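Let me give you the structure first, and then I'll get to my questions.
What you see is a predicted model; the values in this text were computed from it and never measured. Numbering of ligands and ligand atoms starts at 1, following listing order.
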Amino acid sequence: HMTAEQYEEKRNRKSFFGGTVDVWKKIVTVWSSINFYQRMIILATQTTIFVLAVYFIQQGGLTIGGLVALNGYAAMLFGPFVLLGRNWQTLQNGLVSIRQTEEKIFDTPHEIYHPQNAFSPAKINGEVEFKNVSFGYDKSTTVLRNLTFKVRQGERVAFVGKSGVGKSTIIDLIPGYYFPTKGALLVDGHDTRQFDLTALRNSIAVVSQEPVLFNDSIMMNIRYGRIDATDEEVIEAAKNAHAHDFIEELPMKYEQLVGERGIKLSVGQKQRIAIARAILRNPKILILDEPTSALDAQTEKKISETFEELMKGRTTFIAAHRLSTIRKVDRIFVLENGRIVEEGKHDDLIKKEGGIYRHMYEYQVGV
Ligand SMILES: Nc1ncnc2c1ncn2[C@@H]1O[C@H](COP(=O)(O)OP(=O)(O)OP(=O)(O)O)[C@@H](O)[C@H]1O
Ligand SMILES: [Mg+2]
């Protein structure tokens with residue numbers, strides 16, 4: 001079936017060709033016909049003037065001086081039209097620019113979704129292994145240093161640590177948004193570099209730290225999780241994500257436009273839309289990047305309840321800011337300077353004298 005990327009590209013093409021280009025082509029056609037008729041009119045008028053002038057001069061009603069003046073007036077009258085014709089070139093240039101834009105937008109190299117001899121399973125199990133993974137966004141800085149750990153199918157793990165330590169970076173490696181600079185990341189034993197990215201991402205749902213909503217209806221925004229889902233399935237997912245109630249209160253309900261051209265939603269509402277998307281997707285690997293901004297207690301409780309449901313039977317990665325949400329996970333990784341410095345269950349980590357996690361926990365609960 002169609003992926004969200006394919007849907008979005010089709011939409012871009014449609015609005016580009018259906019909108020801009022068509023309008024331009026119409027304008028250019030009108031202008032070029034103006035150019036043609038204008039020449040014809042000038043030619044016809046000049047011929048008429050000439051014939052009439054010869055006639056009037058013969059009759060003695062017009063002097064040669066009068067003819068010169070008449071020609072001058074005619075030139076004044078047609079001058080602007082000639083100028084208009086010259087602008088033809090500018091319009092042609094515009095058309096060339098549009099063609100270039102078209103090439104830029106649609107012919108730029110895509111991410112390599114289908115590498116040669118790609119591993120392209122219909123379904124994945126959801127085992128994830130980091131093998132000596134180091135990563136930096138550029139050559140001069142290293143964000144992750146030599147991470148090694150294995151997450152079993154269905155296991156729930158969480159990453160904690162200071163802002164900027166690399167929690168979001170780690171989980172962005174899993175769907176192949178980035179690849180390790182050193183070492184390898186294996187999903188079901190296969191390097192993500194070798195994966196068919198469409199196949200990999202079809203089995204992963206991401207609820208990102210700042211969920212992105214598209215300039216489209218709420219209905220379509222949820223449907224991004226699975227482009228061929230029915231309206232009923234979308235509404236069902238919204239109910240499970242505790243999003244249905246607030247959607248019903250919007251002026252246009254599910255048809256409400258959101259994003260730049262629509263209404264603004266709060267971070268908590270956006271996350272619930274993103275969770276509904278994830279539910280629709282029914283993934284084997286689930287990734288939750290907690291928002292940094294504080295949610296109100298009620299929304300937070302609702303989101304964590306939903307999430308509890310969603311995590312069942314799926315390998316789950318959480319980048320956590322609130323330690324309360326990760327008490328029940330199987331393993332917590334504490335990060336510092338790009339390395340894992342502590343690892344274990346919440347109950348064990350809080351017992352560790354002088355431990356970093358314990359310190360963070362005490363700070364958050366206000367001991
Ligand atoms: N796209 C990017 N390009 C370049 N540098 C980046 C990019 N994204 C993150 N970084 C840098 O990488 C480091 C790790 O960032 P990351 O977003 O993974 O931290 P985080 O632990 O998720 O922080 P937070 O708790 O605030 O969400 C930071 O120094 C950040 O500035
Ligand atoms: Mg982050």
Subject >> Any N, O or S atom of Q209 closer than 2.8 Å to the Mg ion (ligand 2) >> reply: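 So Q209 does bind the Mg ion (ligand 2) by this criterion.
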
Original post:
So, D289 and S208: side-chain donor and acceptor under 3.5 Å apart, yes or no?
Top reply: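 Side chains of D289 and S208: no pair found under 3.5 Å.
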
Original post:
Relative to the heavy atoms of T169, which atoms of ligand 1 are at a distance of less than 4.0 Å?
Top reply: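 It comes down to these atoms of ligand 1: 14 (C), 15 (O), 16 (P), 18 (O).
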
Subject >> Hydrophobic cluster identity match, I273 and V267, side-chain contacts under 4.5 Å >> reply: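 No, no single cluster joins them.
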
**OP:** Just jot down the ligand 1 atoms closer than 4.0 angstrom to any heavy atom of Q209, in number order.
**Re:**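 The list of qualifying atoms is 24 (P), 27 (O).
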
Subject >> Metal check, the Mg ion (ligand 2) vs S168 N/O/S, cut-off below 2.8 Å >> reply: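 So S168 does bind the Mg ion (ligand 2) by this criterion.
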
**OP:** Can you sort out the partners of H346 under ring pair (Phe, Tyr, Trp, His ring centres under 6.0 Å), two or more places apart, ordered by chain and number?
**Re:**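 Per chain and number, H346 pairs via ring pair (Phe, Tyr, Trp, His ring centres under 6.0 Å) with Y357, Y361.
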
Subject >> I247 with I275, same ILVMFWY side-chain cluster at under 4.5 Å >> reply: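 I247 and I275: separate clusters.
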
May I have the list of side-chain donor-acceptor pairs in residues 52-65 shorter than 3.5 Å, sequence neighbours left out?
| unit_1 | atom_1 | unit_2 | atom_2 | d |
| --- | --- | --- | --- | --- |
| T63 | OG1 | G66 | N | 3.1 |

Subject >> Whether F135 lies under 4.0 Å from ligand 1, heavy atom >> reply: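 No, F135 has no heavy atoms under 4.0 Å from ligand 1.
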
Original post:
With a cut-off of 4.0 Å, which atoms of ligand 1 are near a heavy atom of Y178?
Top reply: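 It comes down to these atoms of ligand 1: 1 (N).
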
Original post:
Has G164 got any heavy atom lying under 4.0 angstrom from an atom of ligand 1?
Top reply: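 Per 4.0 Å heavy-atom rule, G164 contacts ligand 1.
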
Original post:
With atoms numbered from 1 as shown, which atoms in ligand 1 lie under 4.0 angstrom from a non-hydrogen atom of H321?
Top reply: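 Checking each atom against H321, I get 24 (P), 25 (O), 27 (O).
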
**OP:** Would you please indicate if the ring centroids of Y224 and Y7 are separated by under 6.0 Å?
**Re:**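 Centroid distance Y224-Y7: below 6.0 Å, so yes.
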
Original post:
Does the side chain of Q209 come under 3.5 Å of the side chain of S168 through a donor N or O and an acceptor N or O?
Top reply: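 There is such a pair between these side chains.
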
Subject >> Atoms in ligand 1 with a heavy atom of G166 nearer than 4.0 Å >> reply: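 Answer for ligand 1: 14 (C), 16 (P), 18 (O), 19 (O), 20 (P), 21 (O).
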
